[in-house]
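To keep things clear, I will list the structure first and then write my remarks on it.
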Amino acid sequence: MDQHNRFRHAIENDEVIFGARSSTFSSTVIEIYGQLGIDFVWLDFEHMGPSPWDSTVFEELTRAADVGGTELFVRLPTGDPSLIRKVLDAGVRNVFIPRVDTAEEVREAVKATRFEYDGEPGERGMASGRSRTWGLAGDDYIRTEDEEVCIGVMIEKTTAVDELDEILSVPELGFVFIGPSDLSVQMGHPGDKTHPDVANQITEIREAAHDAGVPTGVIANDPDAIEDAVEKGHQIIRMGGDLASVKSVLSERLDAVDHLR
């Protein structure tokens, strides 16, 4: 398995990357995304999909990503270090944790991705899964994994906002992804992502992250919103997905030929 992580190298070099969600968790869709030139595939294991504890699921999905030439971007349901290790051992290189509250839990999650962390031994365990080519990887496996794996968190709770500076200072935190929907719930404006209080809070999160040198990500689904996100300095942009695209294209075509029924 190629351990090179184009996602991590891109954001560390101040590049912008574009991704799409795959709600079907289809290997075929992931491969097609890669052929289209999409940089990453968002897989949401927090709210849907198969069990993230099933390594065989990730073995197939990471193969499809390798074939297509894209990267998986996996939202886990929890920052449980044992789950993080299992997913990484199956070949995933980019994970992010939702609904974090404290810098300490972020630190524990990041530490679980590293063999060496902050000058001390990390909490990543030796394994013989797909990331290690079933035990056949060379002597540089440990060093390469530490250099290539990327972990981030979602900032979508007021508790995380309260501790944002501490979270952003966690060593080797790869990025933060801003979650306006859950943030609007936490702030007492459920679903109103454009409420002035929510919008101002999002701006403060973005500015704090950029001041700390931590890349940020957002969801932007139309060209104007995408351009605006890039102008604001976001580097990780999710722009739609498989189900939304099917709905949009086929409903438009059905409307156009409805008079023929």
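For the pair I219/N221, a side-chain contact is recorded, criterion being any heavy-atom separation below 4.5 Å from C-beta on. Between V149 and N5, every side-chain heavy-atom pair lies at or beyond the 4.5 Å cut-off. Put simply, the side chain of S184 does not reach to within 4.5 Å of the side chain of D197, judged on heavy atoms. Two residues are said to be in side-chain contact when any heavy atoms from C-beta on lie closer than 4.5 Å; W53 and L83 meet this criterion. Within the 4.5 Å cutoff, the side chain of S23 has heavy atoms near those of the M48 side chain. Between R206 and H234 there is a side-chain heavy-atom pair separated by less than 4.5 Å. Taking 4.5 Å as the limit, every side-chain heavy atom of S51 sits out of range of all side-chain heavy atoms of V57. S55 places a side-chain heavy atom less than 4.5 Å from the side chain of K86.
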Where do E148 and H9 land on the side-chain hydrogen bond (donor to acceptor under 3.5 Å, both in side chains) test, with the steps shown first?
CA-CA 8 Å; E148 300 295 332; H9 288 277; 2.9 Å; yes
For V106 and L173, what are the C-alpha separation, side-chain angles and deciding distance, and is it a side-chain contact (heavy atoms from CB on, under 4.5 Å)?
CA-CA 8 Å; V106 173; L173 176 66; 4.1 Å; yes
N94 and V74: CA distance, side-chain angles, deciding distance, side-chain contact (heavy atoms from CB on, under 4.5 Å) verdict:
CA-CA 6 Å; N94 306 294; V74 175; over 6 Å; no
side-chain contact (heavy atoms from CB on, under 4.5 Å), that's the test. Do T159 and T102 meet it? Break it down for me.
CA-CA 7 Å; T159 46; T102 68; over 6 Å; no
How far apart are the C-alpha atoms of T78 and D80, what are their side-chain angles, what is the distance that settles it, and do they pass the side-chain hydrogen bond (donor to acceptor under 3.5 Å, both in side chains) test?
CA-CA 5 Å; T78 173; D80 182 340; 5.5 Å; no
Could you give me the CA-CA distance, side-chain angles and deciding distance for Y141 and T133, then say whether side-chain hydrogen bond (donor to acceptor under 3.5 Å, both in side chains) is met?
CA-CA 10 Å; Y141 164 74; T133 320; over 6 Å; no
Do I11 and C150 pass the side-chain contact (heavy atoms from CB on, under 4.5 Å) test, and can you show the C-alpha distance, the side-chain angles, and the key distance before you say yes or no?
CA-CA 10 Å; I11 62 174; C150 186; 4.1 Å; yes
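Shown here for A208 and L164, the closest heavy-atom pair between the two residues is CB-CD2, 3.8 Å. Across all non-hydrogen atoms, the minimal contact from D101 to I167 is O-CD1, 4.4 Å. In terms of heavy atoms, R85 sits closest to G125 at CD-N, 3.7 Å. Contact detail for F18 and I226: the closest heavy-atom pair is CE2-CG2, 3.6 Å. Closest heavy-atom contact between P215 and Q235: CB-OE1, 3.5 Å. Closest approach of V218 to A229, counting heavy atoms only: CG2-CB, 3.8 Å.
With values rounded to the nearest 0.5 angstrom, K232 atom NZ is found 8.5 Å from I202 atom CD1. Between atom CD of residue E31 and atom CD of residue Q35 there is a gap of 6.0 Å, rounded to the nearest 0.5 Å. Between the CD1 atom in I30 and the CG atom in L72 there is a gap of 5.5 Å [rounded to 0.5 Å]. To the nearest 0.5 Å, atom OG1 of residue T24 and atom CG of residue L243 are 6.5 Å apart. Atoms OH and OG, from Y33 and S26 in turn, are 9.5 Å apart once rounded to the nearest 0.5 Å. To the nearest 0.5 Å, atoms NE2 (H189) and OG1 (T194) are separated by 10.5 Å.
A salt bridge is defined here as a Lys NZ or Arg NE, NH1 or NH2 lying under 4.0 Å from an Asp or Glu carboxylate O, and R261 with D258 meets this definition. Ion pairing between D66 and R130 holds under the 4.0 Å rule for side-chain N and carboxylate O. Taking the charged nitrogens against the carboxylate oxygens, D146 and K111 have no contact shorter than 4.0 Å, which rules out a salt bridge. The pair E71-R6 counts as a salt bridge, with a side-chain nitrogen and a carboxylate oxygen less than 4.0 angstrom apart. The existence of a salt bridge linking D182 and K157 is excluded, since no basic side-chain nitrogen approaches an acidic carboxylate oxygen closer than 4.0 Å. A salt bridge between E145 and R124 is present, with a side-chain N of the basic residue lying under 4.0 Å from a carboxylate O of the acidic one. Salt-bridge check for D89 with R132: failed, with every basic side-chain N at 4.0 Å or more from each acidic carboxylate O. D242 and R21 are not joined by a salt bridge, as no carboxylate oxygen comes within less than 4.0 angstrom of a charged side-chain nitrogen. Here E123 does not pair with R114 in a salt bridge; the nearest charged N to carboxylate O distance is not below 4.0 Å.
Connection of V153 to L183 is established within a shared hydrophobic cluster, with ILVMFWY side chains joined at heavy-atom distances below 4.5 Å, either directly or through further cluster members. When the side chains of ILVMFWY residues are joined at heavy-atom separations under 4.5 Å, either directly or via intervening members, M187 and F177 end up in two distinct hydrophobic clusters. Cluster annotation: M154 is not connected to V161 through the hydrophobic network of ILVMFWY side chains, with a link wherever side-chain heavy atoms come within less than 4.5 Å. Follow the hydrophobic side-chain contacts under 4.5 Å out from F175 and you reach I17 in the same cluster. Cluster annotation: V92 is not connected to I236 through the hydrophobic network of ILVMFWY side chains, with a link wherever side-chain heavy atoms come within less than 4.5 Å.
Residues that satisfy the salt bridge (charged side-chain N to carboxylate O under 4.0 Å, His left out) test with R107, not counting sequence neighbours, are D118.
A donor-acceptor pair under 3.5 Å is absent between the side-chain atoms of D140 and the main chain of R143, judged by distance alone. Of the possible polar contacts, one joining the E156 side chain to the R99 backbone as a donor-acceptor pair under 3.5 Å is found. In terms of modelled atom types and a separation under 3.5 Å, the side chain of R238 and the main chain of V41 share no donor-acceptor contact. S248 contributes no side-chain N or O that, together with a main-chain N or O of A244, makes up a donor-acceptor pair within less than 3.5 Å. Not one N or O on the side chain of D228 forms a donor-acceptor pair closer than 3.5 Å with the backbone of D224. No side-chain donor-acceptor contact under 3.5 Å links T113 to the backbone of A109. Counting only distance, with no hydrogens or angles, the side chain of D54 and the backbone of T56 share a donor-acceptor pair below 3.5 Å. No donor-acceptor distance shorter than 3.5 angstrom exists from the side chain of S22 to the backbone of L43, with no hydrogens or angles considered.
Residue E105 is tested with V110, I97, V100 for a side-chain contact (heavy atoms from CB on, under 4.5 Å); the sole match is V100.
Classified by interplanar angle (parallel below 30°, tilted 30° to 60°, perpendicular above 60°), the ring pair W42/F73 is perpendicular.
Between the side chains of H210 and T216, at least one donor N or O sits under 3.5 Å from an acceptor N or O.
Both the sub-6.0 Å distance and the 45° axial angle are not jointly satisfied by R75 relative to the ring of F96.
Note: F45 and F58 meet the aromatic proximity criterion, with ring centroids under 6.0 Å apart.
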